[in-house]
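Below: the structure, in structure tokens.
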Amino acid sequence: MSALTVLDFPKRKAAHSPLSMLTCYDYTYARMLNQSAVDLLLVGDSVAMIVHGFQSTIHADVNMMALHTAAVRRGAPNKFIVADMPFLSVRRGLEFAMDAVTRLMQAGANAIKIEGANGQLDLMRHIAESGVPVMGHLGLTPQSVEALGGHKVQGRTEGAAATLLNTAHDVAATGAFALVLECVPAILATRVTKELSIPVIGIGAGSGTDGQVLVLQDMLGCNSAFRPKFLRHYADHEQTVVNAAGRFHQDVSSRAYPNIAESYA
Ligand code: KIV
């Protein structure tokens with residue numbers, strides 16, 4: 001049983017108690033995050049970029065998501081885990097979508113996340129009514145990066161902001177239990193958060209939301225060159241790894257490693 005259940009989300013919103021969510025893709029980090037106080041983990045389709053080195057999330061598929069979800073569940077038995085429905089998995093008919101939901105839930109997810117809303121509200125309602133908690137995702141939806149013309153802040157014009165606000169209401173009305181808002185002006189995110197009865201978890205959406213999510217490797221500083229405005233580095237993991245690997249190399253070269261205590265008699 002995870003520490004958090006879907007029933008806690010409205011309570012946390014009512015109590016103004018912010019939710020912390022981090023992405024996680026593998027057993028090793030999941031094991032560490034399981035020991036942390038972070039509220040929930042997201043097996044994001046950003047796994048395609050962060051772990052597999054692709055340029056966008058469109059390379060994630062159901063097999064990839066299920067494999068990583070299962071690994072995260074093995075490492076984090078006590079965390080509420082959300083798994084991303086990958087690129088076009090909700091646009092290929094009911095059977096394909098429900099098969100994908102089945103795979104992710106059987107891999108260990110507590111909920112699934114779906115990007116966008118247009119043309120898929122009925123499906124989101126169907127999944128929620130099937131007993132699977134659904135998290136929405138609006139604003140910058142990276143699976144639509146080609147249509148959006150890049151990873152850009154969304155909802156900047158009055159019209160775009162009004163559309164996003166209405167769409168957020170539509171998503172909540174499908175029975176979604178929470179909503180991610182990515183890269184939107186803080187004032188818009190705050191308005192959506194105030195109007196919706198479900199928790200809104202922001203990334204690049206300011207401080208007025210009901211919670212925050214970051215990509216784990218980004219907040220750990222695994223790529224020091226990646227510095228979007230919203231990102232705070234909580235560690236310098238890149239230098240830590242480069243330095244440790246350098247010291248290992250030096251010790252091997254000088255035969256300082258292994259020493260007698262590190263060798264079997
Ligand atoms: O895949 C992901 O990492 C995400 C977060 C950015 C919210 O969807």
Side-chain angles (χ1 to χ4, degrees), residues 9 18-26 29-30 33 38-62 64-69 71-72 76 79-90 100 104 107 109-117 120 124 133-145 148 150-155 164 168 171 176-184 189 192-193 198-206 209-220 222-223 226-234:
F9 284 78
L19 291 153
S20 58
M21 177 160 85
L22 285 172
T23 66
C24 189
Y25 317 111
D26 73 341
Y29 277 121
L33 292 179
V38 73
D39 287 311
L40 64 156
L41 306 182
L42 170 66
V43 186
D45 58 356
S46 50
V47 66
M49 302 171 75
I50 302 290
V51 175
H52 295 275
F54 288 110
Q55 286 298 309
S56 79
T57 61
I58 70 168
H59 299 276
D61 62 12
V62 179
M64 188 188 283
M65 297 311 301
L67 188 73
H68 287 281
T69 301
V72 171
K79 290 292 180 191
F80 190 93
I81 295 175
V82 182
D84 258 339
M85 288 285 279
F87 183 58
L88 296 186
S89 59
V90 292
L104 298 183
N110 299 103
I112 52 110
K113 176 162 78 59
I114 296 179
E115 282 189 20
Q120 59 202 40
M124 291 171 81
V134 176
M135 178 179 273
H137 182 157
L138 297 176
L140 171 56
T141 46
Q143 290 172 15
S144 309
V145 63
L148 297 174
H151 293 97
K152 295 179 177 162
V153 177
Q154 302 296 306
L164 193 145
V171 168
F177 75 98
L179 174 71
V180 165
L181 262 192
E182 179 166 355
C183 286
V184 299
V192 173
T193 304
I198 59 173
V200 174
I201 301 179
I203 172 165
T209 54
D210 300 304
Q212 300 291 331
V213 54
L214 285 177
V215 168
L216 177 66
Q217 282 81 348
D218 292 349
M219 63 83 88
L220 289 178
C222 292
N223 179 357
F226 183 63
R227 289 184 176 273
K229 186 178 171 69
F230 64 81
L231 179 61
R232 185 179 297 180
H233 284 170
Y234 285 86

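Values reported hereafter were calculated over all heavy atoms of this structure, with side chains retained and with hydrogens, waters and symmetry mates removed. Given the structure is predicted, the values throughout are model-derived calculations rather than measurements. Atoms within a ligand are numbered from 1 in the order they appear, just like the ligands themselves.
Residues L140 and G150 approach most closely at CD1-O, 4.2 Å, considering heavy atoms. Closest non-hydrogen pair, M135 versus L40, comes out as CE-CD1, 4.1 Å. The two residues C24 and V72 have their closest heavy-atom pair at O-CG2, 3.5 Å. Closest approach of L104 and T69 over heavy atoms only: O-CG2, 3.9 Å. The two atoms that bring H233 and F226 nearest to each other are NE2-O, 3.6 Å, heavy atoms only. Shown here for L181 and G139, the closest heavy-atom pair between the two residues is CD2-N, 4.3 Å.
Below 4.0 Å from some heavy atom of S46 lie the following atoms of ligand 1, by number and element: 1 (O), 2 (C), 3 (O). Remark: ligand 1 atoms within the under-4.0 Å shell around heavy atoms of D45 are 1 (O). The atoms of ligand 1 that sit less than 4.0 Å from any heavy atom of T23 are 3 (O). Below 4.0 Å from some heavy atom of E182 lie the following atoms of ligand 1, by number and element: 6 (C). Below 4.0 Å from some heavy atom of G44 lie the following atoms of ligand 1, by number and element: 1 (O), 2 (C). Shown in contact with V215 at under 4.0 Å from a heavy atom are these atoms of ligand 1, numbered in order with element: 3 (O).
In this structure, the protein non-hydrogen atom closest to atom 5 (C) of ligand 1 is L42 CD2, 3.7 Å. Scanning the protein heavy atoms around atom 8 (O) of ligand 1, the nearest turns out to be K113 NZ, 2.8 Å.
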Given M64 and H52, is the side-chain contact (heavy atoms from CB on, under 4.5 Å) satisfied, shown in steps? CA-CA 10 Å; M64 188 188 283; H52 295 275; 3.7 Å; yes

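Residues that satisfy the side-chain hydrogen bond (donor to acceptor under 3.5 Å, both in side chains) test with S89, not counting sequence neighbours, are absent from this structure.
The shell of residues lying under 4.0 angstrom from ligand 1, judged by heavy atoms, excludes E115. Residue H137 places a heavy atom under 4.0 Å from ligand 1.
Contact annotation for D84 and ligand 1: only side-chain heavy atoms (C-beta onward) come within less than 4.0 Å of the ligand.
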